[in-house]
Amino acid sequence: MRKPENQLTVIFGASGDLTKRKLIPDLFDLFVQNLLPDKYAVIGVSRTNYSNEIFRDIMKEGIKSFSRSKNSPDEMIDEFLRKLFYISINTSNPDEYDYLKTEIDKIDKITSNSGNYIFYLSTPPALYGIIPENLGLSGLNTSGNEKSWRRLIIEKPFGYDLKSAQELNHSIKKHFAEEQIYRIDHFLGKETVQNLLVTRFSNGIFEPLWNRNYINHIEITSAESVGIEGRGGYYEGSGALRDMLQNHLLQLAGLVAMEPPANFDPDSIRNETIKVFQSLRPLSDEDIRNNIIRGQYLSSHIKGNKVPGYREETGVSPDSRTETFVAMKFFVDNWRWGGVPFYIRTGKRMPTRVTEIVVHFKATPHKLFMNMSSGCSSCNQLVIRIQPDEGILLKFGMKVPGGGFNVQTVNMEFHYSDLSHEYMPSAYERLLLDCMNADSTLYIRGDAVEACWKFVDPVVAAWKNDNSIKMYGYPAGSWGPETADSLFDIAGITWRYPCKNLADNDLYCEL
Ligand code: BG6
């Protein structure tokens, strides 16, 4: 990882949770690795009336609780905290931006003296249009010379449907060029997600098989054992489809399905993933009815403790129709993937926390050995574990020692934890550093966000307007509605259920 040139990071929404739990602790981790610029400052901006000292005290708590380097000596934490400043304004009010500009310039003069600023929007989404506009009106969106620059990082959710995402892109682009805009999807910052590109494009053995001729289907699961963690207000307006599938899971699908890029630069890569999103077969009414299952967790007992159902969570309506689980089958209509189904699912309050991509290869054309099962239950699988226990697992058939030719499926595994000497940066560490170095490869381009919304919009609309589309209940702590198995219409094939059979210890299990 490269040390960036001198600059400032200006965080809007600095009194919020993300700043304390993620941004500052992860910036501190970069500091400990000597990866922050030599001359650098972080400026927190929010309406709450803090002094620099109060802001630093609160961020110190954040570092001590959430940073991976939390056990660093106090002098080191204090040295980092001296780089933190705070400016209180009402960010919705354009009249307050002249003051903001003067204050940022003053801090820049005494710290980085660079004129290079990253503006990080960690605010409620309602401000994603307003703050860039105010930055534009006050002239903060441009440095006014060619030597220094301005960049803008925007948290998810980027819009809540296609129309709002288009409007947001349109309004931000009045003041910032696409090259200045960094839309975050923190899944892309995960080490194992990036490893997907390396697995595919640095190995001669996988790529020739990576197509409809050898792959039966692709499965992507992102299960969480937690519930909505007190975020009822946000989640009610979002649901699993918007919260996880429209962004994180489709991004993973994009990396699995993309063509090899011409070069390893941001535009070459993003030019390939957008083609995948544009090739997603539009979902018909019938697909929405038959190929998508939504569910909501019900009160149940997990490890002997009663957990509330979704409708009993704080901030959730007692007759809520918001989904906490979604499973979907879809197709990528292009030359490589013609006819290969993609299955993706995500849910809250599932038995374990696991995100994995499973590439299911086709069966051998002829069954030579007696006990090879029919269907595809013994087919080769490549499991790419995004989290936890990050790694890769290849399942293949081996002869059982002894008489006859009995076949048993065995695992060939690689665990990132085996590379104990390698430090695994967190997603935010990686993404923050990339933006500081002007590398947008792992950020989402505006056209990609819109293409993903275009794909899911009909589902949002159908679920909203058609009450006859079922919402299935599932007990908290289970793998979601059993009906989700019906998405597979091939005998003997269903989801991979990590941990369902606890003898199958190839994944970390919380149960
Ligand atoms: C966020 C969602 O984007 O991703 C959360 O809003 C979800 O609901 C989280 O819990 C999952 O991310 P991770 O990195 O914990 O798997």
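Ligands are counted one by one from 1 in listed order, and the atoms in each one are counted from 1 as well.
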Checklist entry - Got an N/O contact under 3.5 Å between Lys156 and ligand 1? => result yes
Item to check | Atom indices of ligand 1 within 4.0 angstrom of Asp243 heavy atoms, with elements | outcome: 2 (C), 5 (C), 6 (O), 8 (O)
Item to check | Numbered atoms and elements of ligand 1 in range of Phe187, under 4.0 angstrom, heavy atoms | outcome: 12 (O), 16 (O)
Checklist entry - Relative to atom 4 (O) of ligand 1, which among Arg242, His186, Glu155 owns the nearest non-hydrogen atom? => result His186
Checklist entry - Under 30°, 30 to 60°, or over 60°: which ring-plane class applies to Phe488 and Tyr343, parallel, tilted or perpendicular? => result parallel
Item to check | Spacing of CZ belonging to Arg200 relative to CG belonging to Leu382, to within rounding of 0.5 Å | outcome: 11.5 Å
Checklist outcome for this item: atom 15 (O) of ligand 1 has as its nearest protein heavy atom Arg353 NH2, 3.7 Å
Checklist entry - For the atom pair CG (Asp267) and CD (Glu179), what is the distance rounded to the nearest 0.5 Å? => result 8.0 Å
Next on the checklist: If I compare all heavy atoms of Phe28 with all of Ser67, which pair ends up nearest, and what's the gap?
Outcome noted: CD2-OG, 3.5 Å
Checklist entry - Is it true that His248 lies under 4.0 Å from ligand 1, counting heavy atoms only? => result yes
Next on the checklist: So which atom in His217 and which in Val340 form the shortest heavy-atom distance, rounded to 0.1 Å?
Outcome noted: CA-CG1, 3.8 Å
Next on the checklist: Give the atom numbers and elements of ligand 1 that come within less than 4.0 Å of a heavy atom of Lys190.
Outcome noted: 13 (P), 14 (O), 16 (O)
Item to check | Mode of Lys348 contact toward ligand 1 - side chain, backbone, both, neither (heavy atoms, under 4.0 Å) | outcome: side chain
Item to check | Ring centroid separation Trp337 to Phe342 under 6.0 Å | outcome: yes
Checklist entry - Considering only heavy atoms, which of Arg231, Glu224, Met244 lies nearest to atom 5 (C) of ligand 1? => result Arg231
Checklist entry - Which atoms from ligand 1 have a heavy atom of Gln387 less than 4.0 Å away? => result 13 (P), 16 (O)
Next on the checklist: Checking side-chain polar atoms at under 3.5 Å, does Tyr497 have a donor or acceptor matched by the opposite partner on Asp485?
Outcome noted: yes
